[in-house]
Amino acid sequence: MGQYTASQRKNVRILLVGDAGVGKTSLILSLVSEEYPEEVPPRAEEITIPANVTPEQVPTNIVDFSSVEQSDEALAAEINKAHVVCIVYAVDDDDSLDRITSHWLPLVRSTCSSSSSTNTDGEPDVARKPIVLVGNKIDLIEYSTIDSVLAIMEDYPEIESCVECSAKTLHNISEMFYYAQKAVLHPTSPLYIMEEQNLTPACKKSLVRIFKICDIDSDNLLNDYELNLFQRRCFNTPLQPQILDEVKSVIQKNVPDGIYNDAVTLQGFLFLHCLFIQRGRNETTWAVLRRFGYNDQLEMCKEYLRPALKIPPGSSTELSHRGQQFLIALFERYDRDGDGALSPEEHKMLFSTCPSPPWSYSTDIRKSCPTNDCGWVTLHGWLCRWTLMTLIDVVKTMEYLAYLGFNVHENDSQLVAIHVTRERRIDLAKRQSSRSVYKCHVIGPKGSGKTGLCRGFLIDDMSKLLGKEFKTNVVHCINSVQVYGQEKHLILRDIDVRHALDPLQPQEVNCDVACLVYDSSNPRSFEYVARIYIKYFAESKIPVMIVGTKCDLEERRQDYLMQPAEFCDKYKLLPPHLFSLKTNKKELYTKLATMAAFPYLRQFGLMTEDPKVWLKAGLGVAAATVLGFIVLKAISATGTHSR
């Protein structure tokens, strides 16, 4: 991937203003013809300089203004359309110099402040328009006015630079327009506070994030290896040893704590960029910022955070191998004590390059994915949680991968971290799913035990959940299961139904497999499940498993026109799977994942009558057809009870 330029404009529009007779028009004509014009019109026509002849490779429009030919309203319109305004004064005319502060600068400020127009890129203009002060006719004097201009610059932060030139001798003509381009493409004001001689808070915050991303070993230092990687990523060239030593020497002389153990500290890194700006090398700092996704307002660009991803209807999104490898490396980098889990502090440090963590560590993590006994997320749980987010909110996954430095470390966009699966209709046609992540909706009446069923998926000993009151409503739980010897991720979504007559929304119905849950010890529980099945799933292609929970208690006859087993037989479903946290049997989750992986086997009751159909299900997935037959037969055999 080439360097990302977050704020690369399509063009730069430069407006020249100033008192009559200071030489605005002569400057433009001298630039174009490379000779001084003997006859000068009142105003030059707008000209466009092609990208290939400008230092920054950006098309540039240069606009002249004449108070003789144009009105104040026309001037205001041109100021608002311009990306940068060059205020021209004559170095031999003190009045034109004085008019910079008494007239032109206040005029530009007030025009921009009172206008809500957009510039030629369709972007809203900020109140502080970049300004370049241009002293013309330097050939007429033998002194400089720069000292006077520098005093003005201290009072007006929007002034990016000043230059003295001569339209007659062509001295500094090209430089003047280069500085104007630079004021737009590499502005100073977002980076540097002139009065304080220091970086802006936003610039510091951005550079701190960049430092952390480049600090691969997380020791708060950039060693030679990390500095070389940084150099290559930002400028596509290695850092020569001699240059590196010189850089360290400059830092050491100016910032006592800028170098530690022959490596650059954060203070040294910030000082280096401050020095670049003070020496007029803004483009160096901007190149770094843009490579890490920042725009001219030092915000992460939408295009950088959320690249366009096409997801056909019926397809889903999963982490690719590269995405998983990046997340594994990130986990291991911040697992400082090597215990295989992220403590709250390690988790906080990992996401310190992000505006905020993507989830709550204290509630979401502990109740949505596998953790250790302390409630700290393990590597397995870490990958599970990212897998969950990638399926239900892939845009958020891409955003956080960008915040964490994926684009820079992988030298590619986040799109390579995402795998878009084929459409579900193709899976049905081919009678085999190519996905590795499936979504199961767990639906049942209040008190049926569906939340316990979901949470039990995350822990080894489900009996620990017996009698526990689930106060925090975490909607999704994710873990992995083995289906024909392949690891698949199953996401259980706890569908919250408050009243029996509440209708289900389409997003609550659509899933890879449905788990309809009733309390086998409550005679009034099954009716709800039966009604839900008939209304939403009887005519759909979604596989359904009916589960009777709390089977360690006395099973009660259900107050419904059919008992659960009769109901399942009528609708050609597998017999009800009886489930209990107390028995700690987990084959239910494997069943659900297998049903999701083979969606065409929706009518499981029929399939058990013809073992040959079960045999076909194993082809292409199991190591042998016999294995496929045995596993699928086992699903049917265990369909009655978990012991």
Side-chain angles (χ1 to χ4, degrees), residues 1-6 55-56 161 175 178-179 182 185-188 190-194 196-294 298 329-330 332-334 336 349 352-353 404-412:
M1 185 187 81
Q3 289 188 43
Y4 182 84
T5 50
E56 297 288 343
S161 58
E175 287 78 1
Y178 168 69
Y179 286 135
K182 188 176 173 181
L185 302 174
H186 313 299
T188 303
L191 308 181
Y192 192 75
I193 304 171
M194 194 73 68
E196 299 178 12
Q197 299 285 292
N198 203 353
L199 300 172
T200 62
C203 183
K204 280 184 183 178
K205 182 180 178 181
S206 304
L207 291 173
V208 167
R209 171 180 168 267
I210 291 169
F211 181 92
K212 288 180 178 180
I213 289 173
C214 295
D215 179 17
I216 297 171
D217 56 10
S218 300
D219 63 351
N220 297 317
L221 298 167
L222 295 184
N223 57 37
D224 289 0
Y225 174 75
E226 292 165 337
L227 285 168
N228 256 300
L229 277 181
F230 168 78
Q231 175 76 11
R232 285 181 179 276
R233 287 162 179 161
C234 295
F235 305 104
N236 291 326
T237 180
L239 198 58
Q240 299 300 324
Q242 182 183 348
I243 301 296
L244 184 54
D245 289 340
E246 290 175 2
V247 168
K248 289 180 184 177
S249 178
V250 170
I251 295 174
Q252 186 74 68
K253 286 179 182 177
N254 291 274
V255 186
D257 57 353
I259 302 293
Y260 181 78
N261 285 346
D262 200 37
V264 177
T265 66
L266 175 59
Q267 290 73 23
F269 185 73
L270 295 176
F271 164 76
L272 197 58
H273 285 281
C274 201
L275 189 63
F276 286 146
I277 297 164
Q278 289 170 348
R279 293 183 176 179
R281 297 265 309 279
N282 302 14
E283 62 272 18
T284 302
T285 298
W286 274 116
V288 172
L289 290 165
R290 286 165 182 160
R291 181 67 181 87
F292 282 79
Y294 291 95
L298 295 183
L330 194 67
E332 292 174 346
R333 173 177 161 186
Y334 283 91
R336 300 287 183 86
M349 287 299 298
S352 64
T353 60
L404 293 166
F406 179 91
N407 309 51
V408 180
H409 285 300
E410 296 294 317
N411 202 33
D412 221 326

query = Do you know the tightest heavy-atom contact between Thr237 and Gln231?
reply = O-CG, 2.8 Å

query = Among all residues two or more places apart in sequence or in another chain, which pass the side chain to side chain contact (heavy atoms under 4.5 Å, CB included) test with Asp245?
reply = none

key: Partners passing side chain to side chain contact (heavy atoms under 4.5 Å, CB included) against Ala202 (at least two apart in sequence or in another chain)   = Thr200, Leu298

task = Given side chain to side chain contact (heavy atoms under 4.5 Å, CB included), test Tyr294 with Val288 step by step and report yes or no.
result = CA-CA 9 Å; Tyr294 291 95; Val288 172; over 6 Å; no

task = Determine whether more than 12 heavy atoms belonging to other residues, nucleotides or ligands lie under 6.0 Å from atom CZ of Phe211.
result = yes

query = Who are the side chain to side chain contact (heavy atoms under 4.5 Å, CB included) partners of Thr353, not counting sequence neighbours?
reply = Arg209, Lys212, Ile213, Leu404

ask   = Between CD1 of Ile216 and CG of Leu330, what distance do you get to the nearest 0.5 Å?
value = 11.5 Å

query = At what distance, to the nearest 0.5 angstrom, does NZ of Lys205 lie from CG of Leu199?
reply = 15.0 Å

query = Is there a side-chain contact between Leu222 and Phe269 (heavy atoms, below 4.5 Å)?
reply = yes

ask   = Residues two or more places apart in sequence or in another chain: which of them pass side chain to side chain contact (heavy atoms under 4.5 Å, CB included) with Gln197?
value = Tyr192, Met194, Gln278

Residue pair Glu246, Gln240: steps toward the side chain to side chain contact (heavy atoms under 4.5 Å, CB included) verdict = CA-CA 10 Å; Glu246 290 175 2; Gln240 299 300 324; over 6 Å; no

query = If you measure from CD1 on Ile193 to OG1 on Thr188, what distance do you get to the nearest 0.5 Å?
reply = 12.5 Å

request  = Could you tell me whether a side-chain N or O of Glu226 sits under 3.5 Å from a main-chain N or O of Asn223, the two making a donor and an acceptor?
outcome  = yes

request  = Mind jotting down which residue pairs meet the salt bridge (Lys or Arg N to Asp or Glu O under 4.0 Å) criterion with at least one end in residues 268-280? Sequence neighbours excluded, please.
outcome  = none

message = Looking at Met349, is its backbone amide N or carbonyl O close enough to the side chain of Ser352 to form a donor-acceptor pair, meaning the two atoms are under 3.5 Å apart?
response = yes

request  = Would you check if the side chain of Asn261 reaches a backbone N or O of Ala263 as a donor-acceptor pair within less than 3.5 Å?
outcome  = no

query = Side chains of Thr265 and Leu221: does their closest heavy-atom pair fall under 4.5 Å?
reply = yes

message = Measuring only between side-chain heavy atoms, which start at C-beta, is Val247 closer than 4.5 Å to Leu239?
response = no

ask   = Among side-chain atoms of His409 and Arg233, is any donor-acceptor pair under 3.5 angstrom?
value = yes

Salt bridge (Lys or Arg N to Asp or Glu O under 4.0 Å) partners of residues 247-265, not counting sequence neighbours, each pair once = Asp224-Lys248, Lys248-Asp262

key: Lys182 side chain to Glu283 backbone, donor-acceptor under 3.5 Å   = no

remark   = Taken to the nearest 0.5 Å, the spacing of Asn407 CG from Asp412 CG works out to 8.5 Å

task = Kindly compute the distance separating CG (Asp217) from CG (Asp215), expressed to the nearest 0.5 Å.
result = 5.0 Å

ask   = When rounded to the nearest 0.5 angstrom, what is the spacing between CD1 in Ile210 and SG in Cys234?
value = 7.0 Å

query = Does a side-chain heavy-atom distance below 4.5 Å link Ser218 with Tyr334?
reply = yes

request  = Would you sort out whether Thr284 and Ile277 count as a side chain to side chain contact (heavy atoms under 4.5 Å, CB included), showing the intermediate values?
outcome  = CA-CA 8 Å; Thr284 302; Ile277 297 164; over 6 Å; no

Heavy-atom donor-acceptor pair, Asn228 side chain to Pro238 backbone, under 3.5 Å = no

ask   = Under 4.5 Å between any side-chain heavy atoms of Lys204 and Asn198, yes or no?
value = yes

query = At their closest point, which heavy atom of Cys203 faces which heavy atom of Pro190, and how far apart are they?
reply = CB-O, 4.0 Å

ask   = If every non-hydrogen atom of Cys214 is compared with every non-hydrogen atom of Phe230, which pair is closest and at what distance?
value = SG-CD1, 3.6 Å

task = Using a 4.5 Å cut-off on heavy atoms from C-beta on, say whether the side chain of Leu266 contacts that of Asn220.
result = no

